[in-house]
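In what follows, a structure is listed as structure tokens, so that the remarks can point back to it.
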Amino acid sequence: MPNANVMRHSPQLSRPKLIEQHISAYLRETGTSQQSFAANVVEQYHATVPEAQRCIEFSTRDDVFERTKRDAEKVMRYLDGGSCRLPVEIEDALILALPDDRRCALLYALNQRLGCITVGIGQASNDAITPETVMKEIGEGLIAMSGSDVNAQIKELREAAAAANAMADDLENKKAAVGQRLQHAHGNAR
């Protein structure tokens with residue numbers, strides 16, 4: 001069964017349009033208000049962009065309602081693709097303001113445009129190659145081969161188990177490498 005959180009999209013979509021589609025779907029499907037989402041975007045923007053490098057000014061009004069309303073209007077103008085282009089420097093904040101599952105789905109879609117693979121840390125999509133899926137396929141293969149020579153089955157089982165172990169080790173190494181890169185990137189962003 002396909003993952004419900006993965007949006008289907010056309011490869012012709014621009015990067016800003018793809019971001020806008022995922023955020024709009026998130027707001028629509030969860031009922032999250034534009035003001036609430038914009039407040040998260042502002043928080044992420046201030047956390048990831050050093051003050052001296054900030055080009056986007058968000059509201060500084062004392063009235064929280066007015067401030068979040070104005071910030072939401074600004075963020076939504078960037079997303080609607082109309083008169084304001086989506087500034088590159090706010091893309092990270094927009095993506096980071098999404099919950100983990102939505103963020104991973106959006107990063108997957110963005111990287112897919114470039115022919116890259118996205119690996120989430122601590123979670124796998126339904127289509128991911130995991131040791132569990134490899135073992136399931138080995139079991140299904142054994143059932144299909146149940147009428148053939150036993151020695152050949154044992155040899156194939158040993159080869160498949162070795163391949164599954166190698167894949168599991170490879171996945172763990174990749175997961176550790178991605179984790180280190182994220183920690184390094186997060187450390188550089190501060």
Side-chain angles (χ1 to χ4, degrees), residues 1-23 25-26 29-30 32 40-41 43-45 47-50 88-190:
M1 182 171 151
N3 188 344
N5 291 329
V6 176
M7 283 189 71
R8 302 291 178 239
H9 63 277
S10 166
Q12 295 83 15
L13 289 178
S14 67
R15 184 176 176 87
K17 186 64 178 170
L18 195 55
I19 292 170
E20 183 271 328
Q21 274 191 352
H22 278 258
I23 290 172
Y26 164 69
E29 292 167 11
T30 63
T32 302
N40 287 337
V41 171
E43 182 179 331
Q44 292 297 334
Y45 179 74
T48 57
V49 179
V88 173
E89 74 177 75
I90 199 171
E91 280 187 13
D92 287 346
L94 288 166
I95 294 168
L96 290 169
L98 290 168
D100 287 343
D101 60 333
R102 300 291 183 136
R103 182 181 323 134
C104 286
L106 175 53
L107 289 171
Y108 177 81
L110 290 169
N111 286 332
Q112 190 177 29
R113 293 175 67 244
L114 304 173
C116 298
I117 179 172
T118 303
V119 178
I121 296 178
Q123 56 181 269
S125 72
N126 291 343
D127 300 328
I129 298 173
T130 64
E132 293 82 11
T133 58
V134 171
M135 294 306 289
K136 179 182 175 200
E137 289 181 19
I138 290 170
E140 290 171 353
L142 287 174
I143 292 170
M145 298 183 325
S146 63
S148 62
D149 181 50
V150 174
N151 288 332
Q153 287 179 1
I154 292 171
K155 181 181 176 186
E156 287 186 38
L157 178 59
R158 287 184 178 146
E159 290 171 356
N165 287 333
M167 289 178 78
D169 291 343
D170 186 49
L171 283 171
E172 286 300 318
N173 290 337
K174 287 179 181 176
K175 180 179 175 181
V178 169
Q180 289 173 347
R181 284 190 212 134
L182 287 173
Q183 286 178 339
H184 179 70
H186 184 68
N188 288 342
R190 290 183 184 241

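- Every residue was checked against the salt bridge (Lys or Arg N to Asp or Glu O under 4.0 Å) condition with E172, not counting sequence neighbours, and none meets it.
- Checked against ring-ring contact (aromatic ring centres under 6.0 Å, His included), Y26 has no partners two or more places apart in sequence or in another chain.
- Put simply, CG on L18 and CD on E20 are 9.5 Å apart, with the number rounded to the nearest 0.5 Å.
- No side-chain heavy atom of L106 sits less than 4.5 Å from a side-chain heavy atom of R102.
- Of all heavy-atom pairs spanning A109 and H22, the tightest one is CB-NE2, 3.8 Å.
- When every heavy atom of L96 is checked against every heavy atom of Q44, the shortest pair comes out as CB-OE1, 3.6 Å.
- Partners of D169 under the salt bridge (Lys or Arg N to Asp or Glu O under 4.0 Å) rule, at least two apart in sequence or in another chain, do not exist in this structure.
- In this structure, CD in E91 is found 11.5 Å from OG1 in T48, a value given to the nearest 0.5 Å.
- From L13, atom CG reaches atom CD1 of I19 across 11.5 Å, with rounding to the nearest 0.5 Å.
- How far CD1 of I23 is from CD1 of I95: 7.5 Å, rounded to the nearest 0.5 Å.
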